[in-house]
Protein chains: 2
Amino acid sequence: MAVTLRDVARAAGVSPATASRALSAPDLVAPERRELVRRVARELGYRPNRAARELITGRSGHLCLVVPDLENPFFSAVAKAVQARARAAGHAVVVADAEEDPLLEAELVSHLGAQADGVLLCSPRMSPDDLADVAADGGPLLLVNREAAGLPSVVIDNRDGVRQAVRHLHALGHRRIAYAGGPPGSWSDARRREGLADDPGPRLPGLDVVDLGAHAPVFAGGVAAADLALAAGATAVLAHNDLMALGLLDRLRTRGVRVPDDVSVVGFDDAPVATLVTPALTTVAAPLARLGRTAVDLLLDPPRGDEPARVALPVELVVRASTAPPPTAPPPAAPA
Amino acid sequence: MAVTLRDVARAAGVSPATASRALSAPDLVAPERRELVRRVARELGYRPNRAARELITGRSGHLCLVVPDLENPFFSAVAKAVQARARAAGHAVVVADAEEDPLLEAELVSHLGAQADGVLLCSPRMSPDDLADVAADGGPLLLVNREAAGLPSVVIDNRDGVRQAVRHLHALGHRRIAYAGGPPGSWSDARRREGLADDPGPRLPGLDVVDLGAHAPVFAGGVAAADLALAAGATAVLAHNDLMALGLLDRLRTRGVRVPDDVSVVGFDDAPVATLVTPALTTVAAPLARLGRTAVDLLLDPPRGDEPARVALPVELVVRASTAPPPTAPPPAAPA
DNA sequence: TTGTAAGCGTTATCAC
DNA sequence: GTGATAACGCTTACAA
């Protein structure tokens, strides 16, 4: 049997109450006794029983993180940061993978979240109503890279990211730019489309933005978008995320189109894969680690106030090898 | 306040004991009462308090997974599978990232593991002694892709994987093959080196294996190894993992060496990145999802017997575009 | 088959 | 500053 607080108290010759205080509220106990208890606890290898503590305090020491896909580098980066920050704050992290299924997300939040000190929810696609529902019946909940009325959130500045990318491409001389969108219903994709519409005016003369529609936010989605981009005669393509950008890169190469000589490609997120390919991806770098850390901080001590906190983190375009000025001639027709 | 079992019992007009049984041991209660209790529980939105249950049963419903780096696609794949299988078995998963630090790993295991129903430990580098220590003071523990005396484990057949890769390269005609090793002290790297030594005999005539030494198991490690491989005059390089193989690919290209025309490259793991690059990586596919699932199964119900279970999962070489017959001429000297 | 009652290990309350 | 004691919500002997 594990060593309990009573054992420690007995061995130290104090009451369980004092032993408890010596460990959890050191100020309330006389210095010498406090040290005695702590030493005895250490010698006996005492480990507080979390369940017992939770039962009385109502706090579990657990945070719950729900993501659509743990294997997506965007979310593993967030998960890593969340985990690190939570540990620093004395919390363990229960991670749940919702398998890109909004229904499962909702279930996970209500099940797992019920007995956690808070929930971090990465839910790009759950409907606002469902979001409100799951938020209603539980404890603290914070949205990551998603906003919704009445709920606290930490997001990246999706809109500005697209703006930066477009400005960059325009400055290089591109005039016909395609956007390869993410999955339908994606909140961040909607924000990015807003950024697309932001700057068509006199500041970026002659700009022509082509919408390639919605795609799965993975490699295959980018592959599909590549053909559409070529058909549309774009000299540059902005992808919803880096995974899609890699798909674009691959398909363009297959079709004999050189990147960046013939067509430029820009990703989004700066996931770790962005520098693993050739040409290295020009991409909108999202501060994923900071996103995770901020989310934990805000969840654990929410700022007082009527309105739930809404934080937007700045993003920054990182120019690498996948963008260059467009060819003077239109991109070569595909060989087949 | 949350609705408790007493509330349900009261509302259903039964004793708390009956209510408890109706939900946790349905067979012990009369059908009509059982259904009544369950209906009432549902209507009231009853959620059992995990802490209270854990306090008395000693089971938390939590598994703990410790990995060196959540961002490494090898481990995110394992984590995803573990999480899915654990959920199917009614368990939540506490994930801990040890930041590639064996000391932190040990601490995480003893802290987090103390109050979990079991621990899954991915610890390529912890010393056998430390492993024995952390295993000693806790509950069930199972090693993932690592073996140690007296501890249950699930591994992939590292040795055979290397054998398959070498045989493939030899069959293509390569005679001088370099191995870019993983970090010093890595258990799986040691197994792979054994595979390297396995087949130098008459079955693979003329084979010459060059050891490029130990490297960080990441992109940068592969970059470093590439130069060594060229200096050694190898026509093929086998990397400790896919991340390193990507580094090799990148550096070889930079130095004007074509893959696979001049030099062939083989990865290990078949992490999701392997197909994201050009040329697509020939690699030893490790069944990562199966690794995770098997680990959970074995942890939750260990086979009875004196010896702890040791399972080795088969691997399979996946030939893609990064390997080809060697050039008849030696690889071109690097341009600078 | 059902109810009563005793805990599980900890913290909170309240005297002292 | 310290010690009894109750209480957290649940499961499980044991009794009926």
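All figures in this text were calculated on a predicted structure; none of them were measured in a lab. Just so you know, these numbers use all the heavy atoms, side chains as well, and skip hydrogens, waters and symmetry mates. So that the names make sense, note that chain A is the first sequence line, chain B the second, and so on, each numbered from 1.
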**OP:** Would you mind reading off the distance between R50(B) atom CZ and dT11(D) atom P, rounded to a whole angstrom?
**Re:** 13 Å
**OP:** Side chain of P48(A) only, please: which of dT10(C), dC10(D), dT12(D) is the nearest?
**Re:** dT10(C)
**OP:** Rounded to the nearest 0.5 Å, what's the gap from CG on L70(A) to CG on D97(A)? Could you check?
**Re:** 4.5 Å
Original post:
Taking the nucleotide of DNA chain C with the closest heavy atom to each, which residue, S15(B) or L55(B), is nearer the 5' end?
Top reply: S15(B)
Subject >> K80(B) and D69(A) ion-paired at < 4.0 Å >> reply: yes
**OP:** Output the distance between atom NE2 (H91(A)) and atom CG (L300(A)), rounded to the nearest 0.5 Å.
**Re:** 4.5 Å
Original post:
Atom CG of N49(B) and atom C1' of dC8(C): how far apart are they, to the nearest Å?
Top reply: 13 Å
Original post:
Picking from dG9(D), dT11(C), dG3(D), which would you name as closest to the side chain of T57(A)?
Top reply: dT11(C)
Subject >> Sidechain N-carboxylate O distance under 4.0 Å for R39(A), E43(A) >> reply: yes
Original post:
Which whole-number value in Å describes the distance from R6(B) CZ to dG9(D) P?
Top reply: 10 Å
Subject >> Nucleotide dA12(C), atom P - distance to CZ of R59(A) in whole Å >> reply: 7 Å
Original post:
Side chain of V14(A): nearest nucleotide among dG9(D), dG3(D), dT10(C)?
Top reply: dG3(D)
**OP:** Answer yes or no: does a side-chain N or O of R33(A) lie under 4.0 Å from OP1 or OP2 of dT2(D)?
**Re:** yes
Original post:
Any side-chain heavy atom of L313(A) within less than 4.5 Å of one from T294(A)?
Top reply: yes
Subject >> Per I56(A) side chain, nearest of listed nucleotides dT4(C), dG7(C), dT10(C) >> reply: dT10(C)
Original post:
When the distance from CG of L5(A) to C1' of dA12(C) is rounded to whole Å, what number comes out?
Top reply: 14 Å
Original post:
Under 4.0 Å between a side-chain N or O of T4(B) and OP1 or OP2 of dC10(D)?
Top reply: yes
**OP:** Let me know the distance between CG of D7(B) and P of dG9(D), rounded to the nearest Å.
**Re:** 9 Å
**OP:** Let me know the distance between CD of E54(B) and C1' of dG7(C), rounded to the nearest Å.
**Re:** 16 Å
Original post:
For DNA chain C, what residues of residues 17-31 of chain A have any heavy atom nearer than 4.0 Å?
Top reply: A17(A), S20(A), R21(A), S24(A)
**OP:** Using a strict cut-off of less than 4.0 Å between a Lys/Arg side-chain nitrogen and an Asp/Glu carboxylate oxygen, indicate whether R87(B) and E99(A) qualify as a salt bridge.
**Re:** yes
Original post:
Is the shortest distance from a Lys or Arg side-chain nitrogen in E54(A) or R50(B) to a carboxylate oxygen in the other one below 4.0 Å?
Top reply: yes
